[in-house]
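Source: prediction; values computed, not measured. Chain A is the first sequence line, chain B the second, and so forth, proteins listed ahead of strands; every chain is numbered from 1.
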Amino acid sequence: MFTITAKDKDTRARTGTLTTAHGDIPTPIFMPVGTAGTVKGILQRDLADDINAPIILGNTYHLYLRPGMEILKAAGGLHKFINWDRALLTDSGGYQVFSLSAIRKVKQEGVTFSSHIDGSKHLFTPENTVDIQRIIGADIIMAFDECTPWPCDHKQAARSMNLTHQWLERAVTRFRETDPVWGYPQYLFPIVQGSTFEDLRRESAEAAASTGMEGMAIGGLSVGEPAEDMYRMIEVVNEILPSDKPRYLMGVGTPENLLESIERGIDMFDCVMPTRNGRNGMIFTNEGIINIRNNKWANDFSAIDGECPSYVSRTFSKAYLRHLIMSGEMLGAQIASMQNLAFYLYLVAQAREKIAEGEFLKWKTSAIKRVSGRL
RNA sequence: GUGGUUGUAGCUCAGUUGGUUAGAGCGCCAGAUUGUGGCUCUGGAGGUCGCCGGUUCGAACCCGGUCUUCCACC
């Protein structure tokens with residue numbers, strides 16, 4: 001169930017609460033990515049208590065290959081397996097089949113692919129990815145889709161979108177005719193495709209909306225197209241997606257992307273950027289973006305981020321974090337990931353506050369200027 | 001002391017029969033990174049080729065001296 005709690009007077013931005021069997025999720029929200037049953041380098045306790053994440057992601061592709069469904073079933077589902085009692089969302093694996101697996105064949109039935117771990121062959125279909133996600137037991141599960149690469153001509157984009165739509169229908173059917181494995185309800189989110197073509201995006205948004213599911217996702221964006229194209233597609237799609245349901249923009253993005261998208265009516269985000277780029281030395285702070293490997297931080301003993309309300313942000317210095325990252329120390333990756341996630345969650349928390357206060361637009365402009373500058 | 005051996009970028013090393021502006025890996029300095037393979041990619045700075053002299057149109061390369069590294073022998 002999704003409840004709108006405030007609407008911005010100037011824009012499409014809104015705040016809401018998405019209720020799941022594992023807690024309420026305030027929106028707009030950023031969801032940390034925990035591909036293989038872990039947000040890399042961060043304890044579940046810290047995700048909950050320090051970073052304040054109400055929901056994290058898992059990935060069907062990775063979890064299905066390892067540890068595999070027998071172990072996940074024996075464990076009693078992913079929540080129990082990883083000791084996480086808040087909400088979970090699993091991606092269907094559609095994206096990974098395309099980005100990770102070298103050998104793959106796309107057919108009407110589904111996608112055959114080779115495991116990146118041992119080369120073994122597997123088949124993902126709209127039906128079995130629902131079954132798999134039933135067993136994993138995430139509160140929100142995703143329909144199996146094809147993430148259309150960019151650039152792409154209209155004809156290819158239409159063909160790809162139509163395949164996604166056929167798969168969507170089959171996924172919804174399987175979802176409706178099966179029950180949750182672990183006794184609590186799950187939501188299935190359809191995914192809008194259509195590349196950067198307005199007519200296709202409209203058609204795809206109609207298809208997603210017509211399923212009547214509890215929430216809707218927008219995929220196939222931030223795959224190389226200019227940010228302006230992405231924003232335009234969000235506007236087109238959000239005119240059609242039901243306004244009383246949460247809208248999830250998949251794989252996005254930078255702090256600036258988040259605020260611009262919130263303005264256009266997006267409620268949920270996920271992105272590997274704060275964690276993957278964090279491990280590589282890109283640090284997001286309330287003062288701007290830092291490349292902590294730069295020599296200029298070697299003697300800077302100020303806190304990583306004095307404004308962020310998390311333990312690592314205020315406790316450790318930039319100079320220490322630089323030393324850890326330069327040395328390839330595990331703790332560097334941990335601290336960087338925690339800082340970045342704490343920052344992302346703090347950013348969306350502020351956005352919720354400003355929307356409720358009716359000051360979103362004014363705040364957004366100054367916030368973007370502040371947090372997306374390079375220091 | 002004698003014989004051999006070694007010396008080229010911060011480090012480890014290539015470098016053709018002597019032939020334009022001496023290269024690589026790592027490191028360093030920067031940049032990219034968007035539904036995660038603890039990735040990946042791009043660019044940059046940096047060398048009096050131990051030193052001195054000689055041969056040659058031309059020397060990292062050949063010759064002499066000298067210093068240096070390591071080894072063996074006395």
Side-chain angles (χ1 to χ4, degrees), chain A residues 30-42 55-63 65-66 89-102 114-119 129 133 138 140-150 164 189-193 216-227 229-231 247-258 260-261 266 268-284 289-298 322 324-334 336-337 340-341 344 372 374:
Chain A
F30 179 81
M31 308 180 282
V33 176
T35 307
T38 160
V39 176
K40 295 185 195 304
I42 305 182
I55 175 170
I56 61 173
L57 262 65
N59 196 284
T60 300
Y61 171 89
H62 295 271
L63 294 167
L65 290 177
R66 194 168 54 190
L89 181 152
T90 41
D91 191 10
S92 64
Y95 186 84
Q96 280 63 40
V97 162
F98 292 96
S99 70
L100 295 182
S101 184
S114 302
S115 160
H116 71 278
I117 298 165
D118 61 6
T129 49
Q133 292 182 92
I140 301 170
I141 69 178
M142 303 304 297
F144 191 64
D145 70 329
E146 179 176 60
C147 182
T148 310
W150 188 89
T164 289
F189 282 20
I191 302 173
V192 174
Q193 289 290 340
M216 312 280 154
I218 304 173
L221 289 176
S222 209
V223 289
E225 81 286 359
D229 289 355
M230 174 171 82
Y231 298 143
R247 301 157 177 156
Y248 164 28
L249 180 59
M250 305 185 77
V252 175
T254 64
E256 180 172 1
N257 290 158
L258 262 58
E260 293 291 354
S261 302
I266 297 294
M268 304 165 70
F269 302 90
D270 80 280
C271 189
V272 301
M273 190 174 275
T275 39
R276 184 203 272 160
N277 290 20
R279 289 196 297 276
N280 204 13
M282 185 179 191
I283 310 298
F284 295 91
I289 299 168
I290 288 175
N291 182 350
I292 200 70
R293 290 172 309 173
N294 288 5
N295 204 16
K296 64 203 261 195
W297 307 113
R322 176 173 196 274
L324 294 174
I325 294 280
M326 294 301 279
S327 310
E329 287 290 341
M330 287 190 293
L331 188 59
Q334 286 182 266
S337 299
N340 286 350
L341 289 178
Y344 267 65
S372 61
R374 305 267 165 170

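Taken from CD1 in A:Ile292 to CG in A:Asn280, the straight-line distance is 12.5 Å, to the nearest 0.5 Å.
If you take CG of A:Leu258 and P of B:G35, they are 12 Å apart, rounded to a whole angstrom. Atom CG in A:Asp91 sits roughly 15 Å away from atom P in B:U34 (whole-Å rounding). Residue A:Ile283 contributes atom CD1, which lies 16 Å from atom P of B:U33 at whole-angstrom precision. Residue A:His116 contributes atom NE2, which lies 12 Å from atom C1' of B:C39 at whole-angstrom precision. For the pair A:Ile289 CD1 and B:A32 C1', the interatomic distance rounds to 12 Å; values are reported in whole Å. Distance CD1 (A:Ile290) to P (B:G31): 12 Å, rounded to an integer number of Å. What separates CG of A:Leu63 from P of B:G37 is a distance of 12 Å, to the nearest Å. In this structure, A:Met273 places its CE atom 10 Å from P of B:A32, rounding to the nearest Å.
When distances are taken from the side chain of A:Thr254 to each of B:A30, B:G35, B:U34, the shortest belongs to B:U34. Closest to the side chain of A:Asn294, from the set B:G38, B:A30, B:G35, is B:A30. Side chain of A:Asp145, nearest nucleotide from B:G35, B:U34, B:U33: B:G35. Considering only side-chain atoms of A:Gln193, the nucleotide from B:U40, B:G35, B:G37 that sits closest is B:G35. Checked against B:A30, B:G35, B:U40, the side chain of A:Ser92 finds its nearest nucleotide in B:G35. Considering only side-chain atoms of A:Arg322, the nucleotide from B:C29, B:U40, B:G35 that sits closest is B:C29. Side-chain proximity of A:Met330 to the nucleotides B:U34, B:G38, B:C29 is greatest for B:G38. The nucleotide whose nearest atom lies closest to any side-chain atom of A:Asn280 is, among B:C29, B:G35, B:C39, B:C39.
Only the C1' atoms considered, B:C73 is 31 Å distant from B:C52, to the nearest whole Å. Taking the C1' atoms as reference points, B:G19 lies 15 Å from B:C62, given to the whole Å. Using atom C1' as the reference point in both B:G25 and B:G65, the two lie 36 Å apart (nearest Å). Comparing the C1' positions of B:C11 and B:G37 gives an interatomic distance of 30 Å, to the nearest angstrom. Across the P atoms, B:A32 and B:G53 are found 49 Å apart, a figure rounded to whole Å. B:U66 sits 25 Å from B:A9 when the C1' atoms are compared, rounded to a whole Å. Distance check on atom C1': B:G10 versus B:C29 gives 13 Å, rounded to whole Å. Look at the P atom in both B:U5 and B:G43: the space between them is 42 Å, to the nearest Å.
Between A:Arg279 and A:Thr275, the closest side-chain pair of non-hydrogen atoms falls below 4.5 Å. Looking at A:Val192 and A:Met216, their side chains never come closer than 4.5 Å, going by heavy atoms from C-beta outward.
Under 4.0 angstrom from either OP1 or OP2 of B:C29 there lies at least one side-chain N or O belonging to A:Asn295. One finds a side-chain N or O of A:Arg374 lying less than 4.0 angstrom from the OP1 or OP2 phosphate oxygen of B:A32. Using a 4.0 Å cut-off, some side-chain N or O of A:Asn291 falls inside it from OP1 or OP2 of B:G31. Side-chain nitrogen and oxygen atoms of A:Arg276 include none within less than 4.0 Å of the OP1 or OP2 phosphate oxygen of B:C41. Close to B:U33, at under 4.0 Å from its OP1 or OP2, lies no side-chain N or O of A:Asn277.
Two residues, A:Met282 and A:Thr35, neighbour RNA chain B, and the one matched to the more 5' nucleotide by heavy-atom proximity is A:Met282. Looking at which nucleotide of RNA chain B each of A:Gly220 and A:Gln334 is closest to, the 5′-most match is held by A:Gly220.
Checked by atom type, the side-chain pair A:Tyr248/A:Asp270 shows a donor-acceptor distance below 3.5 Å. For the 3.5 Å distance criterion, the side chains of A:Thr164 and A:Gln193 fail to qualify, holding no donor opposite an acceptor. There is a side-chain donor-acceptor pair under 3.5 Å between A:Tyr231 and A:Asn257.
The aromatic rings of A:Tyr344 and A:Phe284 sit perpendicular to each other, their planes meeting at more than 60°, with 30° as the lower class boundary.
Heavy atoms of A:Gly94 sit nowhere under 4.0 angstrom from any nucleic acid atom. Backbone-only engagement by A:Asn59 is indicated by non-hydrogen atom pairs under 4.0 Å involving sugar-phosphate atoms exclusively. Counting non-hydrogen atoms under 4.0 angstrom, A:Met326 reaches the backbone sugars and phosphates but no base. Here A:Leu221 lies out of heavy-atom contact (under 4.0 Å) with every strand.
The base of B:U34 does not come close enough to the side chain of A:Asp270 for any donor and acceptor atom to sit less than 3.5 Å apart.
With both pairing distances under 3.5 Å, B:C62 is matched to B:G54 as a Watson-Crick or G-U wobble pair.
Without hydrogens or angle criteria, A:Asp145 side chain to A:Gly220 main chain gives no donor-acceptor distance under 3.5 Å.
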